[in-house]
Structures are given as C-alpha cells and as structure tokens.
Protein chains: 2
Amino acid sequence: MLSNKAKYALKALLYLAQQDENHISRTIEIAEAANIPKKFLEQILLDLKRGHFVGSKQGKFGGYYLLKSKNDITLADIHRLFDGAIALLPCASLNFYERCSDCVDESECLLRHGLITIREETLKAMQGITIASLVKI
Amino acid sequence: MLSNKAKYALKALLYLAQQDENHISRTIEIAEAANIPKKFLEQILLDLKRGHFVGSKQGKFGGYYLLKSKNDITLADIHRLFDGAIALLPCASLNFYERCSDCVDESECLLRHGLITIREETLKAMQGITIASLVKI
DNA sequence: ATTAATCCTATAAAGTTAGTAGAGTTTAAA
DNA sequence: TTTAAACTCTACTAACTTTATAGGATTAAT
C-alpha cells in the first residue's frame, strides 16, 4: 500500500500537471485543491524538489512547478522516493537491496526467485503509469 | 513490502510442501529449519489454519500439514491473509475496499484508475506464483 | 521595511509490527 | 490414570513507522 505521503505527492503532481505552462502553484493552493494538510504538503513538495521532480521559486509570488516532463514521472519513481522498494522483500529489490536477517543461504532461497519475478512485473506496470497517462484518463 | 509474518508464513508453507505426503511437521521443527522464532511461528501457523491453508493434529505427535494443494496456495492469498490489500490504495482494492478520507469525488479521481490497472496486473502476477511453482524452481 | 512565500528541523501522537509470556487444551502412550 | 508433548489462545510490550504539527529561518518582490 502507498503511504499518505506518496498519495499526496501523486495528487500534488497531478495538480501541477494540470496547470498552464509557466504557472507557479503555491503550496496552499495545491493543499486546498487536493485536500492535503498544508504543513504536511510542504515537506512532501520539498522531498519532490530534492528528487528533482518539481522546481520551486522562493519568496513572494513563489511556488512550485513541474521540473520533469509529465511523461517522465512514473508511479515507480514516486513509490521509490516515498515508500522505498517496489519488491516485496529487500532481498529481491534492485534499488533497496538488503539481505534478510533470517536467511541462511540466499542463493538457495526458494522465495527470492518468485519475488524477483513479481518485482519485475510490478515494476514494469508501475513504470507504465505516468503523470501524463493519469491526467489523460 | 511483505511483513515478517507473511514472509515466515511463506517459508513455513514451503517447508511443509517439501515434506513427504502424510508427514506431520511440528512447529519447532519448522521454526528451526526456516529460522523463525518459535512462538511467533505458532501464531502464524494458527492464522494459516484459520485460513484453511494448513491443517493440524493436536496433542502428542501432533503438528501441521498442508491442507490445500500446493498449486492452490498463491502469493496473493498469503499477502491478503497477512498483509491485506494487493492494491496500492484501499479505494482501488477488490477485497479491502475503503474510500479515501481525503477524496472529494471518487469517480473523478485521476489516481484511482491507474491504481486499479496496477492492482489488476500485480494480482495476476501474484496469483501466478504458487507454493508449487516456488518449490519447483 | 513589509509581506508572502519557500525552507528546515524538531517533536509528538497514534498506529503498526514483531515479537514474548504464560496459561489452557488436546492427544498418545507408558 | 498419569505424564509428556504438542497445539491453542489471549494478553502484553517494546520498537518502529507514519502522520502529521509547530515554530522559526530564509528568500525575494514590492
């Protein structure tokens, strides 16, 4: 399941994607439109900025705007930024690999192979969902 | 990500699936073979029993055995039993549907449609992974 | 200087997870 | 009929994670 952070991030990105080119959106504007607690959204937008998904303009009349193309922001990206690994266990993860503490011999783990298959399929599906594809629906 | 409960459940089921037909496995035996805390495993096996995936024999020389066919226990089943919804948000879930509290109009939610697509694909993949398929690898 | 915005860090409340503990119940065998 | 060895059940707790909230610092336009 997605955390609220990830859900709010997606909603915020969808909001930004629907604005006119060159429009800058204030946090409060996004928060009210998407029904997200404002101070919580501040953190989320900062995370998105650090992830290079959005840009910001500081000071009066400042705000946020999409930095990447709508086609280049995928569900997989946002999941990884806020909720971490796509895989069902760290040992099956590409970007968040970690050994299971209870694992005796990873190469002989029956579970891991299946979970790698799942990760491959899920990742492919999640990379197919972009901000652009969601807005188009 | 899978909880430890779900991971341990899968490891226990894999252990049971590898035993001889009619063999009954004690909790301690599974716990040691799969490196799972015994008292924690007790709870998990009870959950699996309540889910009708395993059967048990009580008393001395009792233990657990697979109740369903290896082919009929899928990763999706175990995920749902221990970790709940396959979908990324409750509003996109089949078995654990719930409305988002921050949702203004579900029918107009841009996110939901995409998440339903993901759920369909992930579910299909997870239903393709069975205890039998994992043991065969 | 003032105003309105982002930026940053700390903290707290609530919920979830991962176990542990201990007693109860059932069954087989001596 | 007693004992041993197993499952069954409920309660609890410690650690962790999530979900925010608070308060100020910084930046930039007027």
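Residue numbers begin at 1 in each chain, while the letters A, B, ... track the order of the sequences. Computation of the quantities below employed the complete heavy-atom set of this structure, encompassing side-chain atoms and omitting hydrogens, waters and symmetry-equivalent molecules.
With hydrogens and angles left out, the side chain of Gln43(B) and the base of dT20(C) share a donor-acceptor pair within 3.5 Å. The base of dG23(D) is paired with the side chain of Lys39(A) by a donor and an acceptor separated by under 3.5 Å.
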If you apply the rule salt bridge (charged side-chain N to carboxylate O under 4.0 Å, His left out), what do you find for Glu42(A) with Lys39(A), and how did you get there?
CA-CA 5 Å; Glu42(A) 279 185 12; Lys39(A) 290 293 278 181; 3.5 Å; yes
Assess whether side-chain contact (heavy atoms from CB on, under 4.5 Å) is satisfied between Tyr64(A) and Leu46(A), documenting all intermediate values.
CA-CA 10 Å; Tyr64(A) 292 93; Leu46(A) 280 175; 4.0 Å; yes
Working for side chain to side chain donor-acceptor pair (under 3.5 Å), residues Gln19(A) and Tyr65(A):
CA-CA 9 Å; Gln19(A) 306 313 306; Tyr65(A) 50 91; over 6 Å; no
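When each of dA20(D), dA18(C), dC7(D) is scored by its nearest atom to the side-chain atoms of Asn4(B), the top-ranked nucleotide is dA18(C). Checked against dT8(D), dC9(D), dT6(C), the side chain of Ser56(B) finds its nearest nucleotide in dT8(D). The Glu42(A) side chain lies nearest to dC8(C) when the options are dC8(C), dA5(C), dT8(D).
Side-chain atoms of Thr130(A) and Asp72(A), non-hydrogen and from C-beta on, never get closer than 4.5 Å to each other.
For residues 58-69 of chain A, proximity to DNA chain C is found at Gln58(A), Gly59(A), Lys60(A), Gly62(A), Gly63(A), Tyr64(A), defined as any non-hydrogen atom under 4.0 angstrom from a strand atom.
Checked by atom type and distance alone, the side chain of Arg112(B) never pairs as donor or acceptor with a backbone atom of Glu106(B) at under 3.5 Å. Side-chain atoms of His79(A) come within 3.5 Å of backbone atoms of Gly84(A) as a donor-acceptor pair (strictly under, hydrogens ignored).
Rounded to whole Å, atom P of dA5(D) lies 17 Å from atom CD1 of Ile24(B). Atom-to-atom, CD of Glu29(B) to C1' of dA6(D) comes out at 12 Å; the value is rounded to the nearest Å. Computed from coordinates, the Asp47(A) CG to dT19(D) C1' distance equals 13 Å when rounded to whole Å. Distance Met1(B) CE to dT17(D) P: 11 Å, rounded to the nearest Å.
Judged by closest nucleotide on DNA chain D, Arg50(B) is the one of Arg50(B) and Phe40(A) placed further toward the 5' end.
The phosphate of dC7(D) (OP1 or OP2) has a side-chain N or O of Thr27(B) nearer than 4.0 angstrom. For dT18(D), neither phosphate oxygen OP1 nor OP2 lies less than 4.0 angstrom from any side-chain nitrogen or oxygen of Lys5(A). Taking only side-chain nitrogens and oxygens, Lys57(A) comes nearer than 4.0 Å to OP1 or OP2 of dA29(D).
Among the protein residues, Tyr8(B) comes within range of the sugar-phosphate backbone only, with heavy atoms under 4.0 Å from sugar or phosphate atoms but none that close to a base.
A side-chain donor-acceptor contact under 3.5 Å links Glu29(A) and His23(A).
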